[in-house]
Amino acid sequence: QKEVEQDPGPLSVPEGAIVSLNCTYSNSAFQYFMWYRQYSRKGPELLMYTYSSGNKEDGRFTAQVDKSSKYISLFIRDSQPSDSATYLCAMSETGNQFYFGTGTSLTVIP
Amino acid sequence: EPEVTQTPSHQVTQMGQEVILRCVPISNHLYFYWYRQILGQKVEFLVSFYNNEISEKSEIFDDQFSVERPDGSNFTLKIRSTKLEDSAMYFCASSEGVISSTDTQYFGPGTRLTVL
């Protein structure tokens, strides 16, 4: 069931670059949108949460939701080597059951 | 900083055996979740639990699976008769409330289950 699509990468960028990560989805009822970061052998860690449409900014991270296009994005400005991880998008109708993307593997090269 | 803990970190079992995966959620949290991630695949929701009962479950969470909060601190996932395809990383998560602008779902480090 392909509810959420995410390019698995891998994505490799130089330090300081702007990174753009994206997910598309098919279920128009989704209204909770999350971005998680997952380091190797660790559980996902919530980075950004957005309810319904719009933008949200937190430090170097910006999350965007375009419900009309069923498309969400995470932008990382001034990327750092410590940002190297797998980034997972997840979304939900109810805020309870979440559907995850496959994750995009990001490497930031010093 | 409070964290979700899971034990064991790695469990190896024979096909057909029962396994219990254990989680200690963050102490003031009320909502508990289990997810699994088969190697190289997506994180998949299994079940959510609130007020001592299941609030939502996915198609994966069939009769082979059960969850329990046996005391005030532990939250367990039991697989009654393991199959080879149950081999995966199992993540427990907890949150203070249903996901909102203020509630965050915290994940544990996971238990890697290997079924032989």
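Because the structure is predicted, anything quoted here is derived from the model rather than measured. Each chain gets a letter, A, B and so on, in the order the sequences are listed, and its residues count up from 1.
- Neither the backbone nor the side chain of B:Ser9 has a heavy atom closer than 4.5 Å to any heavy atom of chain A.
- With contacts defined as side-chain heavy-atom distances shorter than 4.5 Å, the pair B:Lys42/A:Glu3 does not qualify.
- The hydrophobic clustering, which links ILVMFWY residues whose side-chain heavy atoms are closer than 4.5 Å, places B:Phe75 and B:Leu30 apart.
- Atom OH of B:Tyr33 and atom CZ of A:Phe98 lie 7.5 Å apart (nearest 0.5 Å).
- Contacts of B:Gln6 with chain A are absent, with no heavy-atom separation under 4.5 Å from either backbone or side chain.
- B:Val47 and A:Tyr99 end up in different hydrophobic clusters when Ile, Leu, Val, Met, Phe, Trp and Tyr side chains are linked at under 4.5 Å.
- More than 12 heavy atoms of other shown residues, nucleotides or ligands fall within 6.0 angstrom of atom CG in B:Asp71.
- Note: the hydrophobic cluster containing B:Met89 also contains B:Phe107 (ILVMFWY, side chain heavy atoms under 4.5 Å, direct or indirect links).
- With a 6.0 Å radius and a threshold of 12 heavy atoms from other residues, nucleotides or ligands, A:Lys67 has its NZ atom above the threshold.
- When side chains are defined from C-beta on, A:Tyr36 counts as touching B:Gln105, because their heavy atoms get closer than 4.5 Å.
- Residue B:Tyr35 touches chain A through its side chain alone, counting heavy-atom pairs closer than 4.5 Å.
- Proximity to chain B (any heavy atom under 4.5 Å) is restricted, for A:Gln38, to the side chain, taken from C-beta onward.
- Heavy atoms from other residues, nucleotides or ligands lying under 6.0 Å from CG of B:Leu84 number more than 12.
- Summarising the geometry of B:Lys57 relative to A:Gln97, their closest heavy-atom pair is O-OE1, 4.1 Å, with the distance given to 0.1 Å.
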